[in-house]
Structures are given as structure tokens and as C-alpha cells.
Asks: 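Here's a structure for you.
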Number of protein chains: 2
Amino acid sequence: MALGKNYDGQDCSLASALEVIGERWTLLVIRDAMYGVRRFADFQAHLDIPKAVLSQRLSALVAAGLLERRRYQDAPPRDEYVLTPVGRELWIPVLSLGQWGERHLAGNGPRRLFHHATCDTRLDAVSFCATCRRSVPIEEVEVRPGPGLCDDMRRDQVSLALRKPHRLLAPILTR
Amino acid sequence: MALGKNYDGQDCSLASALEVIGERWTLLVIRDAMYGVRRFADFQAHLDIPKAVLSQRLSALVAAGLLERRRYQDAPPRDEYVLTPVGRELWIPVLSLGQWGERHLAGNGPRRLFHHATCDTRLDAVSFCATCRRSVPIEEVEVRPGPGLCDDMRRDQVSLALRKPHRLLAPILTR
DNA sequence: GGCATGAGTTCAATGACCGAACCGACGACG
DNA sequence: CGTCGTCGGTTCGGTCATTGAACTCATGCC
């Protein structure tokens, strides 16, 4: 059976989710949007993704309501892409999946550490703050470079910006 | 840039995870293995997945250490596929992603409910039991049909088995 | 006017998915 | 013994998705 773009025949919520975020590159685009990437060129440079694929993914995420397109300049017309509240709620699945990858696959120690921005506590794999004893929404999370982040790696502006602690969702303004 | 099967060039744990579970169908296979599906024919019938794709996915998951292949019969030789502890640890990402899909995309109410098998409490989107005040591992979870599950749907043996409460990981033995 | 930049679009080659058919090794049955 | 059914695949050619490279358009700047 053709799974199809819309996962016909699969009667479950997971399939519905995969229908939106299951294509190649999509979850990485969402992850970058969580870091605060907003501009086409920044997504493209940081992910090194083919432009045609990025264009299609961004449009699909806008159509699905996970990103919204915002005009940031009129002449020439320039749009940026910002996570909606629906998109933001993917924070826990994205975090927990990344932590699973880090624990079982990655090696070299954690590349990114996620902290509760207000009390500085490092969060667990489901964004739980042990100090405040509550789950922390993405709006209150700060990402920091971890010991596994190599210094000789990416030179795009987003990678450079993420070498310092950075509040999630805060725009990474590269120009 | 070619993302490649091994997500070359992506320096992050999420990409490592997607390298293993990011292909079409893979996460649905893992989800079925969590329900207790073990036999090739059962995965195939429940998911209605092309056999060649299923065969490749199962082999890849075995190679990656998420599933193990077990001989359940010698004449003729017959293997089944069982989640390893590494595969089981995908429970939270899979659950939270499914809950996101249910909340924002699915409609018709929840098709599956997940309960703490020992105290009967319904679990939240990160498998937290509010009664016991702890996160519940997959080994202690029971899946039940929810109000959104249609009675006129799938007729494969796995779907029929899941119409009753069923302990996760417990083998669904259809023959 | 020429060049650089940003946000794409186009296109042909390659790889992944898919439906359909097929295969081999049994066990069951008449 | 021969035939059929079942299981766990394998094969194959057509369709779709991804990709690298080139290109386009609309600006602003020098």
C-alpha cells in the first residue's frame, strides 16, 4: 500500500503527526525554527539543504499551521518563518527524540544542553525542571553548547550564534 | 547537500536519531513493535506496508540495535522481531509525538488511551502517572481503545487484538 | 550600469517507494 | 505422493522524492 503523503489507511495519531513532520528534512527545519532561525537563507546555510526542498517544506509547514510566514521587509518583499503555538508544542517530541539519539547513537558527549532559563537548572529529556518541579515550556528554555560540540565544525552564522547560550525561539538575526 | 542515509553534515543528536528512525514507515513499525507485534505477516497486514519495504526496515532496525531477531520455530525456520531496551526507550518520543498528532491533527477523539497498568491511571503525554507521581516505563503501560476508534475499521488480527486492553510489549499472537 | 543579495524556481539524474508477481521451504490434506 | 496453503521473504519495473547545479527576478548599492 502506498503510504501516501497523507498516510491513508493508517488509523492513528502517530500517522497523522508523521503526515506533517515525517518527510526528510522537516524535523530538522522545525528544530532550527525552535533555535530561532527565521530566514530562508539561514535555514538553508545551517542545514545545507537543497533550496527546492526547503521551499517546499516551509510552505507545507505554513499550510499545516506549524509555521507562520511573516513579512519583515516590503522592498523587496521579504518573509520570515516563525513557529506557531502548534509548532512549539513539538518541543517535547523533538527534545526527547534528540536525547534518545544522543544517549544511544551520537557519542562524544552532548552537543547541546538545555536549561531552564529562569533558574538555570539543566532540563531532563522531557523538559522537566527538577528545581521548580514542573515541565518547562519551550519559551523558558535556553540552549547552550555542550562538551561534545566541536569547535572546527560549521561556520554558518547560525552555528556561530549557537556557540553562546541562546534562548530558544529568540530570533537568530544574522544580518 | 544530500542528507544521505547517515545524515552526513548534520552535527546533532536529532539527526543521529533520524538516521535510524527517519525513513518512511519506520516509526510505525516501531510503534507496532511496542504494541507487541512480532511476526512479519502481522506487521505487514496491520500496516499494509509493501513487503520489500518491511523486510528492509526490519533488517535496518535489527542492525541498529532497536529490534532483535529471534528464532521462534526451526522447521521451517521462522524469526520474529522484538524490541531491545534501546528500542523501548523510544516510548516517550513515540508517545509524545502521537499525542501531539492527536491533539492538533487527528479529530474524532483519542483512538488509543494509555494507562499505568498497575494503578489504572491514565498517563499524560510524557508517560507520567499522576497517582504514583513518576514516569512510567513502557513495561508498565496498558493500551486501551479510545472513543475515537472506529468499529468499522481494520480487520487484521492485530487491530482486532487491540480492541481490548492490551499490555504494551506483550506479544500479540495471531496464530 | 554592473554587481551582490535574498528568495526562490527549474531541470535532469539518481535514489526510494510501490504494486505485482514470484520463489523456496515447509506442513496439512486427500 | 501430489497439491495446496502459509510464511517470509525476493525481484522487477514504474512512479515519486531528493538532489546538485543552474537559473530567475526584484531589489539596493556603488
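Letters A, B, ... are given to chains in the order of the sequence lines, protein chains preceding strands, and every chain is numbered from 1.
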Asks: Relative to B:Tyr72, does B:Arg39 satisfy both conditions: NZ or CZ under 6.0 angstrom from the six-membered ring centre, and within 45 degrees of the ring's axis?
Replies: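 The answer is yes; both the distance and angle limits are met.
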
Asks: By the 4.0 Å heavy-atom rule, please label A:Ala75 as base, sugar-phosphate, or nothing.
Replies: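 Sugar-phosphate: the residue A:Ala75, judged by heavy atoms under 4.0 Å, touches backbone atoms but no base.
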
Asks: With a 4.0 Å cutoff (strictly under), does any side-chain N or O of A:Arg57 reach OP1 or OP2 of D:dT18?
Replies: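 Yes.
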
Asks: Between atom CZ in B:Arg39 and atom P in D:dC7, what is the gap in whole Å?
Replies: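 These atoms are roughly 9 Å apart.
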
Asks: Answer yes or no: does a side-chain N or O of B:Ser55 lie under 4.0 Å from OP1 or OP2 of D:dG8?
Replies: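 Checking B:Ser55 against D:dG8: no side-chain N or O falls below 4.0 Å of OP1 or OP2.
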
Asks: Within the structure shown, what part of the strands sits under 4.0 Å from B:Tyr81 by heavy-atom distance: base, sugar-phosphate, or nothing?
Replies: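 Counting heavy atoms under 4.0 Å across all strands, the contact made by B:Tyr81 is with sugar-phosphate only.
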
Asks: Counting heavy atoms not belonging to B:Arg69, are there more than 12 under 6.0 Å from its CZ?
Replies: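 More than 12 heavy atoms, drawn from other residues, nucleotides or ligands, come within 6.0 Å of this atom.
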
Asks: Could you state the CG-C1' distance from B:Leu54 to D:dC7, rounded to the nearest angstrom?
Replies: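 Atom-to-atom, B:Leu54 to D:dC7, this comes out as 13 Å.
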
Asks: Quick check: on DNA chain D, is the nucleotide nearest B:Leu58 upstream (toward 5') of the one nearest A:Arg78, or the reverse? Name the residue that is more 5'.
Replies: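 The 5'-side residue here is B:Leu58.
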
Asks: So what does B:Phe43 hit on the nucleic acid, given a heavy-atom distance under 4.0 Å: a base, only sugar-phosphate, or nothing?
Replies: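 Result for B:Phe43 = nothing.
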
Asks: If I take atom CD in residue B:Gln56 and atom C1' in nucleotide C:dC18, what distance separates them, rounded to the nearest angstrom?
Replies: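 My rounded result for the distance is 14 Å.
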
Asks: From CD1 of B:Ile49 over to C1' of C:dA20, roughly how many Å is that when rounded to an integer?
Replies: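 Nearest whole value for this atom pair: 16 Å.
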
Asks: Would you kindly give the OH-to-P distance between A:Tyr72 and C:dG8, to the nearest whole Å?
Replies: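 To the nearest whole Å, that distance equals 9 Å.
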
Asks: With a 4.0 Å cut-off, would you call B:Arg88 and B:Glu139 a salt bridge?
Replies: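 Salt bridge flag = yes for B:Glu139 with B:Arg88.
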
Asks: Given C:dT10, D:dT11, C:dA7, identify the nucleotide with an atom nearest to the side chain of B:Ala52.
Replies: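 Minimum distance to the B:Ala52 side chain belongs to D:dT11.
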
Asks: On the nucleotide D:dT19, are OP1 or OP2 found under 4.0 Å from the side-chain N or O atoms that A:Trp25 carries?
Replies: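 Affirmative; the distance criterion is met.
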
Asks: CZ of B:Arg133: more than 12 outside heavy atoms within 6.0 angstrom?
Replies: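 Atom CZ in B:Arg133 is not packed in, count stays at 12 or less.
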
Asks: Between B:Arg24 and D:dC16, does any side-chain N or O lie under 4.0 Å from OP1 or OP2?
Replies: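 So the side chain of B:Arg24 is outside the cut-off, no N or O lying under 4.0 Å from OP1 or OP2 of D:dC16.
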
Asks: Quick one: A:Leu18 CG to C:dC17 P, roughly how many Å, whole number?
Replies: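 It is 14 Å, rounded to the nearest whole Å.
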
